[in-house]
Amino acid sequence: MTALPTPSQTVGPFYGYALPFPGGGEIAPAGHRDTIAVHGRVLDGDGEAIPDALLEIWQPAPDGSRTGAPGSLRRDPVTGGFLGRDGVTFTGFGRVATDADGHYSLRTLPPGGVPYLSVCLFARGLLHHLFTRIYLPGADLDAEPLLTSLEPGRRGTLLAAEEAPGTYRFDLRLQGPEETVFLDFR
């Protein structure tokens with residue numbers, strides 16, 4: 001049996017094609033010794049990869065500051081297109097698309113003052129973007145208010161797994177029994 005896409009699956013915009021920019025997942029300055037890597041997949045309710053999702057990552061700097069660094073994104077003076085980051089400045093912001101296998105990856109610095117990276121997820125079929133968090137192991141997560149408010153099974157959907165020192169795996173599941181906890185901001 002062939003399943004045809006529903007209208008909600010074919011309605012654009014297709015964020016994964018329009019919004020990424022070169023180096024969008026390279027949040028950490030090039031060669032920084034404290035860089036961590038976070039990667040994973042974005043999956044639908046059947047566990048199938050979503051090949052054109054887009055993740056925006058927001059986080060404080062390692063010192064806890066949230067000032068960002070406006071102007072660190074360079075533009076091509078001829079075309080006006082994005083050339084990418086300056087490779088030196090930490091902005092606390094990243095934007096990365098998933099590949100054909102639904103995989104994403106980013107390099108960043110550990111966030112200061114909070115044990116998580118904030119994520120905004122855009123994907124086809126979603127008329128509204130979704131918010132969630134990637135909690136990194138190692139911090140005192142037992143005292144984290146959001147995590148303690150969740151049932152243990154749901155809490156695990158927000159925890160990244162450490163694969164190697166400084167490398168973390170975090171999958172986002174849009175539906176199903178292992179659905180990632182998404183947040184509602186009002």
Side-chain angles (χ1 to χ4, degrees), residues 3-27 38-60 66-70 72-73 81-82 84-85 91-108 111 113-136 141 144-161 168-186:
L4 298 174
T6 66
S8 67
Q9 292 170 315
T10 58
V11 169
F14 298 99
Y15 302 102
Y17 298 115
L19 295 177
F21 57 86
E26 301 295 321
I27 304 170
V38 180
H39 75 102
R41 297 176 75 201
V42 179
L43 306 167
D44 68 13
D46 294 326
E48 298 294 323
I50 298 178
D52 55 0
L54 182 80
L55 287 81
E56 286 188 349
I57 309 299
W58 301 83
Q59 68 166 97
R66 299 172 188 258
T67 56
S72 62
L73 193 62
F82 291 107
R85 300 175 189 274
T91 64
F93 172 75
R95 182 181 289 153
V96 60
T98 55
D99 64 15
D101 294 324
H103 189 258
Y104 72 91
S105 65
L106 59 105
R107 294 177 51 263
T108 189
V114 294
Y116 59 83
L117 308 175
S118 297
V119 177
C120 182
L121 172 67
F122 300 86
R124 70 171 117 161
L126 296 177
L127 298 180
H128 297 283
H129 47 278
L130 301 171
F131 296 100
T132 191
R133 292 177 178 173
I134 301 173
Y135 281 88
L136 302 173
L141 300 180
E144 217 298 311
L146 175 62
L147 291 179
T148 58
S149 72
L150 300 171
E151 297 174 19
R154 302 291 295 141
R155 184 177 310 140
T157 69
L158 296 178
L159 303 176
Y168 304 95
R169 171 82 187 227
F170 184 80
D171 293 334
L172 292 104
R173 291 179 172 79
L174 299 186
Q175 293 177 315
E178 297 178 48
E179 178 182 318
T180 300
V181 170
F182 294 104
L183 308 173
D184 185 18
F185 291 98
R186 298 172 193 224

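The figures that follow rest on heavy atoms only: side chains count, while hydrogens, waters and symmetry mates do not.
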message: What I'd like to find out is whether the side chain of Thr98 reaches to under 4.5 Å of the side chain of Leu55, using heavy atoms alone.
response: yes
message: Using the rule given for side-chain hydrogen bond (donor to acceptor under 3.5 Å, both in side chains), can you reason through Thr108 versus Gln59, listing the C-alpha separation, both sets of side-chain angles and the distance that settles it, and then say yes or no?
response: CA-CA 9 Å; Thr108 189; Gln59 68 166 97; 2.5 Å; yes
Any donor-acceptor N/O pair, Glu151 side chain to Gly153 backbone, under 3.5 Å: no
task: List the atom of Val114, the atom of Pro60, and the distance in Å for their closest heavy-atom pair.
output: CG2-CG, 3.7 Å
- request: Would you indicate whether the side-chain heavy atoms of Pro115 and Leu136 approach each other to under 4.5 Å?
  value: no
- request: Could you tell me the separation between the CZ atom of Phe170 and the NE2 atom of His39, rounded to the nearest 0.5 Å?
  value: 12.5 Å
query: Could you go step by step and tell me if Leu174 and Leu43 meet the side chain to side chain contact (heavy atoms under 4.5 Å, CB included) rule?
result: CA-CA 6 Å; Leu174 299 186; Leu43 306 167; over 6 Å; no
query: Heavy-atom distance under 4.5 Å between the side chains of Leu172 and Tyr104, does that happen here?
result: yes
- prompt: Closest heavy-atom contact between Val96 and Ser105?
  reply: CG2-O, 3.5 Å
- request: Indicate, with yes or no, if the rings of Phe131 and Phe182 have centres closer together than 6.0 Å.
  value: no
message: For a 4.5 angstrom cut-off between non-hydrogen side-chain atoms, does Leu183 reach Arg133?
response: yes
- prompt: Between Arg173 and Glu179, is the closest basic N to carboxylate O distance under 4.0 Å?
  reply: no
field: Shortest non-hydrogen contact from Arg155 toward Leu147
entry: NE-O, 2.7 Å
- line: Between Pro111 and Tyr116, the two heavy atoms sitting closest are CG-O, 3.5 Å
- request: Mind listing the closest non-hydrogen atom pair of Asp44 and Asp46 along with its distance?
  value: OD1-N, 2.9 Å
message: Counting C-beta onward and ignoring hydrogens, is there a side-chain heavy-atom pair between Thr180 and Leu158 closer than 4.5 Å?
response: yes
From Leu106 atom CG to Tyr168 atom OH, the distance as rounded to the nearest 0.5 Å: 12.0 Å
message: When you compare the side chain of Arg41 with that of Glu48, does any pair of heavy atoms fall below 4.5 Å?
response: no
query: In Å, rounded to the nearest 0.5 Å, how long is the span from OG of Ser118 to CZ of Phe93?
result: 12.0 Å
query: So, do Tyr135 and Leu146 sit near enough that their side-chain heavy atoms are less than 4.5 Å apart?
result: yes
message: Looking at every non-hydrogen atom in both residues, tell me the closest pair between Arg85 and Gly24 and how far apart they are.
response: NH2-O, 3.0 Å
Side chain to side chain contact (heavy atoms under 4.5 Å, CB included) between Leu54 and Arg95, worked out: CA-CA 7 Å; Leu54 182 80; Arg95 182 181 289 153; 3.6 Å; yes
- prompt: Is a side-chain N or O of Asp99 found less than 3.5 angstrom from the main chain of Asp101, in a donor-acceptor match?
  reply: yes
- prompt: If we only count heavy atoms from C-beta on, is the Leu121 to Thr132 side-chain gap below 4.5 Å?
  reply: no
